[in-house]
Enquirer: 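Encoded as structure tokens, here's the structure I'll be asking about.
Just the heavy atoms: all of them, side chains too, but no hydrogens, waters or symmetry mates, feed the values below. Everything quoted here is computed from the prediction, not taken from an experiment.
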Amino acid sequence: MAGDMKVLNALDTAKTQWYHFTAIIIAGMGFFTDAYDLFCISLVTKLLGRIYYHVDGSPKPGSLPPNVSAAVNGVAFCGTLAGQLFFGWLGDKMGRKKVYGMTLMLMCLCSVASGLSFGREPKTVLATLCFFRFWLGFGIGGDYPLSATIMSEYANKKTRGAFIAAVFAMQGFGILAGGIFAIIISAAFQASFKAPAYEVDALGSTVPQADYVWRIILMVGAVPALLTYYWRMKMPETARYTALVAKNVQQATADMEKVMHVDIGAEQKEPTVTATTSVKSSNEFGLFTKQFVRRHGLHLLGTTSTWFLLDIAYYSQNLFQKDIFSAIGWIPAAKTMNAVEEVYKIARAQTLIALCSTVPGYWFTVFLIDRIGRFTIQLLGFAMMTVFMFALAIPYNHWTHPGNHIGFVVLYSLTFFFANFGPNATTFVVPAEIFPARLRSTCHGISAASGKLGAMVGAFGFLYLAQPQDKTKADAGYPAGIGVRNSLIVLGVINFLGTLFTFLVPESKGKSLEEMSRENEDSTEEGAQVENHPSNNRTVPV
């Protein structure tokens, strides 16, 4: 049974070797693309407004109408949510490897197609863009449960948290790469096609070539993922899926011996049909059963609720950095810049935040998660995010005065640091460790989909909430909101709720996947049942 399988014990005790790092890179490049594609849209939304929604005689540059902006920012999240549920379920039904290639190709094709969005009118261009970004999100959604599950099932129990977190940490490099590439492209276009500021020449401030800027930025995200497609297809199915779900221990052993270059040793090869059919395994319960609710119901509530709350705060901060920085005056007023220059300034600000806080936060988690544990990191992260959010919100007027911007940016950066050295990483790691193999991908998909639901709340809700309370100062087409200060207070409360729900999440540091899911207990019980069974008193071979 699972507890006796040499192949699973070998995986749990295996020394860290080159194949583990190869798996991190292969799975991580998918996440690099995920992050690049999801967040690069925030770099170009203001440019899209200038190009397609210019109003002659307006004192301010064109901006996307509220419904269009919400759709452009949020439609990929809708696709991601659907993809997480669908591919998570499919990964448990068909196997991790078979589904893994589908998600990557979908991401690559839709990244390129997003940049080729076409139409004679602004509405048709942006409708096409939204269509392709939905399916891009659908592919990205599949990468969440599959990458996490594959890495957790390949890793040893001593460094499993670090390996899964390292895959997720590639998201930081994706955000950073998006910002750096946007800086390079906008700087190149700015040098080649000079344009005056909007207040000097409204029409001339957006050169026709600016239309290429956003298209190139969106399309380039496909390149790194495409480079790893061959290696993704060469990866064998994970041993835990092959052994525990497909019930083929011999194949699992052969696959792991090949990739890990070790002699695991022969497993029992007696026929298994009579044993497995004569006694129903006690661990074959499904997702919608009382036994699952009794064993893992609170765990699933913990992983879904914390990911949901985290993503409301995290994505609203990430997608609307440009609005917050503009509000405190760190990015100059839009009318003082031309269209491409604005892309450059927004990208520079977001890259600085990613470089100083987002990326380091991820790697602090990688280095410390197997030392201090998932629970401690998540609790600390949520608590510190709460503190820093209130530190930004309560004296908000102080931060808007000239000379105080640096203090605001430092505190704002620290919220990102503790999001990534905290719940943004751990909410991804834990669902891949605590559920049974046959439901692992599905449960991770459900947890991740809950997170994306939170991201949609953040993306759509913050867009309206952060508008000034004075309607005359709100962006065109928007109703009056509660202002940036009150929005930050709301985000602080959400982070505090995340701290409380963290107590539902179990600690998995140093334990095997079978210990966490209790599959080894079921195996022992089943073995005892079969041993005493009148028609067949052998121990059940796997």
Side-chain angles (χ1 to χ4, degrees), residues 39 77 165 168 171-172 175 301-321 323-325 327-328 353-354 356-358 360-362 364-365 368-369 372-396 399 407-431 447-448 450-466 481-505:
F39 292 112
F77 294 140
F168 194 62
Q171 192 178 67
I175 296 169
L301 176 62
T303 58
T304 52
S305 59
T306 51
W307 208 335
F308 173 77
L309 293 165
L310 176 273
D311 274 10
I312 293 176
Y314 186 75
Y315 279 88
S316 60
Q317 279 178 257
N318 235 321
L319 285 172
F320 302 106
Q321 282 182 57
D323 300 310
I324 292 169
F325 291 152
I328 65 161
I353 292 288
C356 296
S357 62
T358 306
Y362 282 116
F364 264 71
T365 303
L368 293 174
I369 192 167
I372 64 177
R374 290 75 163 142
F375 176 82
T376 304
I377 288 176
Q378 185 162 312
L379 195 67
L380 175 70
F382 266 129
M384 296 306 289
M385 286 170 72
T386 306
V387 169
F388 288 121
M389 203 60 79
F390 284 132
L392 291 171
I394 294 167
Y396 179 74
W399 300 120
F408 183 95
V409 172
V410 168
L411 288 178
Y412 192 71
S413 297
L414 284 168
T415 64
F416 275 109
F417 175 82
F418 281 103
N420 295 309
F421 177 47
N424 194 39
T426 53
T427 51
F428 177 79
V429 172
V430 174
S447 303
S450 175
K452 280 299 164 284
L453 189 61
M456 287 158 63
V457 171
F460 295 126
F462 196 81
L463 199 63
Y464 290 88
L465 282 180
I482 61 173
V484 173
R485 178 181 183 271
N486 291 331
S487 299
L488 291 172
I489 290 173
V490 170
L491 294 180
V493 172
I494 287 166
N495 289 328
F496 177 70
L497 290 174
T499 309
L500 300 180
F501 277 98
T502 295
F503 287 95
L504 295 177
V505 180

Enquirer: If you measure from CG on L488 to CG on L392, what distance do you get to the nearest 0.5 Å?
Expert: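 Answer rounded to 0.5 Å: 6.0 Å.
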
Enquirer: Does F496 have more than 12 heavy atoms from other residues, nucleotides or ligands lying within 6.0 Å of its CZ?
Expert: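 No, because the 6.0 Å sphere around CZ of F496 holds 12 heavy atoms or fewer from other groups.
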
Enquirer: Measure from the side-chain N and O atoms of T365 to the backbone N and O of N420, and report whether any donor-acceptor pair falls under 3.5 Å.
Expert: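 Yes; at least one donor-acceptor contact below 3.5 Å.
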
Enquirer: Looking only at heavy atoms, which two atoms of G492 and T386 are closest? And how far apart?
Expert: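 In terms of heavy atoms, the two residues are closest at O-CG2, 3.5 Å.
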
Enquirer: For the atom pair CZ (F308) and CG (L497), what is the distance rounded to the nearest 0.5 Å?
Expert: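 Those atoms lie 10.5 Å apart.
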
Enquirer: Could you tell me the separation between the CZ atom of F364 and the CZ atom of F418, rounded to the nearest 0.5 Å?
Expert: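 Here the rounded value is 8.5 Å.
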
Enquirer: I'd like to know whether F390 forms a side-chain contact (heavy atoms from CB on, under 4.5 Å) with V493, so could you lay out the CA-CA distance, the side-chain angles of the two residues, the decisive distance to 0.1 Å, and finally the verdict.
Expert: CA-CA 9 Å; F390 284 132; V493 172; 4.1 Å; yes

Enquirer: So, taking the atom named CG in N424 and the one named CD in Q378, what distance separates them when rounded to the nearest 0.5 Å?
Expert: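 Nearest 0.5 Å value for the CG-CD distance: 10.5 Å.
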
Enquirer: Find the distance between CG (L310) and CZ (F382) and round it off to the nearest 0.5 Å.
Expert: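 L310 CG to F382 CZ: 4.5 Å, rounded to 0.5 Å.
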
Enquirer: Do you know which two heavy atoms are closest between F375 and V505, and how far apart they sit?
Expert: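 That would be CD1-O, 3.8 Å.
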
Enquirer: Between I494 and L309, which heavy-atom pair has the shortest distance, and what is it?
Expert: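 For I494 and L309, the tightest heavy-atom pair comes out as CG2-O, 3.2 Å.
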
Enquirer: Do the side chains of Y396 and I489 get nearer than 4.5 Å, heavy atoms only?
Expert: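 They are not in side-chain contact.
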
Enquirer: Locate the shortest heavy-atom distance separating S413 from I353; write the atom from each residue and the value.
Expert: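 It is OG-CD1, 3.1 Å.
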
Enquirer: What pair of heavy atoms forms the shortest contact from A313 to L491, and how long is it?
Expert: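 Heavy atoms of A313 and L491 come nearest at CA-CD2, 3.8 Å.
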
Enquirer: Going from CH2 on W307 to OG1 on T427, what distance comes out if it is rounded to the nearest 0.5 angstrom?
Expert: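 Rounded to the nearest 0.5 Å, the CH2-OG1 separation comes to 5.0 Å.
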
Enquirer: Is it true that a side-chain atom of T415 and a backbone atom of F388 form a donor plus acceptor pair closer than 3.5 Å?
Expert: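 Checked: no pair found.
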
Enquirer: Find out whether F168 and V429 are in side-chain contact, i.e. whether some heavy atom of one side chain is under 4.5 Å from a heavy atom of the other.
Expert: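 No, too far: nothing below the 4.5 Å cut-off.
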
Enquirer: Of all the heavy-atom pairs spanning M385 and P423, show the shortest one and how long it is.
Expert: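 In terms of heavy atoms, the two residues are closest at SD-CG, 4.0 Å.
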
Enquirer: Would you tell me whether S450 and T304 have side-chain atoms, one donor and one acceptor, within less than 3.5 Å of each other?
Expert: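 No donor-acceptor contact under 3.5 Å links the two side chains.
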
Enquirer: Less than 4.5 Å apart, side chain to side chain, heavy atoms only: is that true for L379 and F503?
Expert: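 L379 vs F503: side chains touch.
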
